[in-house]
Amino acid sequence: TGYYGDGLNAIIVFAACFLPDSSRTDYNYVMENLFLYVISTLELMVAEDYMIVYLNGATPRRRMPGLGWMKKCYQMIDRRLRKNLKSFIIVHPSWFIRTILAVTRPFISSKFSSKIQYVNTLAELREMIPMEYVDIPESIVKYDEEKCIKRRMRTSCLSNDPEITSVEQE
């Protein structure tokens, strides 16, 4: 959790890599109580505008929340909280997350849909929000670094490929 702006509006950071494994026998119970905890925390912290930063990187598929859980969260969030949400930033969005949001877009309000932003790197996130009050877990930082290294290697390999270089020069 952190703050931004002159009025110190809340930035809620949600790291999916710390969610419970869906193979747990008490998974539904844990997720239900986690949801209640998140909502009660939001109600206490959020007086005005706020944003949610959802850290998806370094999260195995079995730890990602299901569509049903996300739908329930959206439906149960108080109208005031939905209205005061200024931005829902998804960092390191996976194909799965993008697909779920594309499929559910017709069922959620266009106002909420317009608040969703995808960010591929922590550097992009730094350009959007002040990071001095935001604590990013080490596993996410490492994931981001590895992803950036792979991207640089891929770009470097492409620029050194004679076929691609010759096509670019034509």
Side-chain angles (χ1 to χ4, degrees), residues 1-4 8-109 111-122 124-126 128-129 131-147:
T1 306
Y3 295 93
Y4 71 99
L8 291 179
N9 298 314
I11 299 173
I12 311 300
V13 179
F14 193 83
C17 61
F18 295 128
L19 288 173
D21 194 299
S22 59
S23 65
R24 287 179 60 132
T25 55
D26 61 349
Y27 178 76
N28 289 331
Y29 173 80
V30 171
M31 290 301 282
E32 179 78 23
N33 283 295
L34 175 65
F35 169 73
L36 295 173
Y37 171 76
V38 168
I39 294 302
S40 63
T41 302
L42 280 176
E43 288 174 348
L44 290 172
M45 289 185 63
V46 175
E48 302 200 9
D49 297 347
Y50 71 105
M51 65 175 61
I52 295 176
V53 176
Y54 177 82
L55 301 172
N56 189 64
T59 305
R61 173 76 176 84
R62 66 185 186 277
R63 290 189 185 267
M64 288 184 194
L67 180 58
W69 188 80
M70 289 194 287
K71 180 182 173 189
K72 186 176 180 180
C73 287
Y74 175 74
Q75 291 171 336
M76 290 185 68
I77 292 175
D78 181 77
R79 184 182 179 285
R80 176 186 68 85
L81 288 175
R82 280 198 302 247
K83 185 178 166 210
N84 288 354
L85 177 67
K86 292 302 163 203
S87 186
F88 185 83
I89 303 169
I90 301 172
V91 182
H92 304 123
S94 64
W95 175 86
F96 176 73
I97 291 288
R98 288 180 188 262
T99 302
I100 282 181
L101 289 171
V103 168
T104 58
R105 196 162 290 239
F107 306 105
I108 56 178
S109 76
K111 282 184 181 179
F112 183 79
S113 293
S114 68
K115 297 175 184 182
I116 298 171
Q117 297 176 283
Y118 296 113
V119 174
N120 293 311
T121 65
L122 293 176
E124 285 179 49
L125 182 63
R126 275 186 209 91
M128 298 172 70
I129 64 170
M131 297 293 285
E132 61 268 14
Y133 301 114
V134 178
D135 187 31
I136 304 293
E138 187 59 37
S139 60
I140 303 294
V141 172
K142 187 175 179 185
Y143 175 86
D144 188 74
E145 289 169 354
E146 289 170 1
K147 192 173 176 185

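Small disclaimer: the values here were computed from a predicted structure and weren't measured.
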Residues in side chain to side chain contact (heavy atoms under 4.5 Å, CB included) contact with Ser109, at least two apart in sequence or another chain: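 Once residues adjacent in sequence are excluded, the partners of Ser109 under the side chain to side chain contact (heavy atoms under 4.5 Å, CB included) criterion are Tyr74, Lys111, Phe112.
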Full working for side-chain contact (heavy atoms from CB on, under 4.5 Å) between Met64 and Ile100: CA-CA 11 Å; Met64 288 184 194; Ile100 282 181; over 6 Å; no
Heavy-atom pair of closest approach, residues [X] and [Y]:
| X | Y | result |
| --- | --- | --- |
| Pro137 | Leu55 | CD-CD1, 3.7 Å |
| Val134 | Val13 | CG1-CG2, 3.5 Å |
| Ala16 | Tyr54 | CB-OH, 3.2 Å |
| Leu85 | Lys115 | O-NZ, 2.8 Å |
| Pro60 | Ala58 | CD-O, 3.6 Å |
| Cys17 | Gly57 | CB-O, 4.2 Å |

Pairs involving residues 58-68, ordered by first then second residue, that meet salt bridge (Lys or Arg N to Asp or Glu O under 4.0 Å) (sequence neighbours left out):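 Every pair satisfying salt bridge (Lys or Arg N to Asp or Glu O under 4.0 Å) with a residue in residues 58-68: Asp21-Arg62.
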Residues, nucleotides or ligands: over 12 heavy atoms within 6.0 Å of Glu124 CD: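 Yes, the 6.0 Å shell around CD holds more than 12 heavy atoms from other groups.
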Verdict with supporting geometry, Met51 and Ile89, side-chain contact (heavy atoms from CB on, under 4.5 Å): CA-CA 8 Å; Met51 65 175 61; Ile89 303 169; 4.1 Å; yes
Verdict with reasoning, Tyr50 to Lys86, per side-chain contact (heavy atoms from CB on, under 4.5 Å): CA-CA 6 Å; Tyr50 71 105; Lys86 292 302 163 203; over 6 Å; no
To the nearest 0.5 Å, what is the distance between [atom1] on [X] and [atom2] on [Y]?
| X | Y | atom1 | atom2 | result |
| --- | --- | --- | --- | --- |
| Leu125 | Ile129 | CG | CD1 | 4.0 Å |
| Ile11 | Ser87 | CD1 | OG | 10.0 Å |
| Arg126 | Ile136 | CZ | CD1 | 8.0 Å |

Any non-hydrogen side-chain atom of [X] less than 4.5 Å from a side-chain atom of [Y]?
| X | Y | value |
| --- | --- | --- |
| Lys83 | Asp78 | no |
| Asn120 | Pro93 | yes |
| Gln117 | Phe88 | no |

Residue among Asn56, Ile90, Leu19 satisfying side-chain contact (heavy atoms from CB on, under 4.5 Å) with Phe14: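 Passing option: Leu19.
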Backbone N/O of Thr121 and side chain of Lys147: donor-acceptor pair under 3.5 Å: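 Between the backbone of Thr121 and the side chain of Lys147 there is no qualifying donor-acceptor contact (under 3.5 Å).
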Donor-acceptor under 3.5 Å (Tyr143 side chain, Glu138 main chain):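 Checking the backbone N and O of Glu138 against the side chain of Tyr143, no donor-acceptor pair under 3.5 Å is found.
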Name the atoms and distances for all side-chain donor-acceptor pairs under 3.5 Å in residues 28-40, with sequence neighbours left out.
from, atom 1, to, atom 2, distance (Å)
Glu32, OE1, Lys72, NZ, 2.6
Glu32, OE2, Lys72, NZ, 3.3
Asn33, ND2, Tyr29, O, 2.9
Ser40, OG, Leu36, O, 3.1
Ser40, OG, Tyr37, O, 3.0

Working for side-chain contact (heavy atoms from CB on, under 4.5 Å), residues Val91 and Ile140: CA-CA 10 Å; Val91 182; Ile140 303 294; 5.5 Å; no
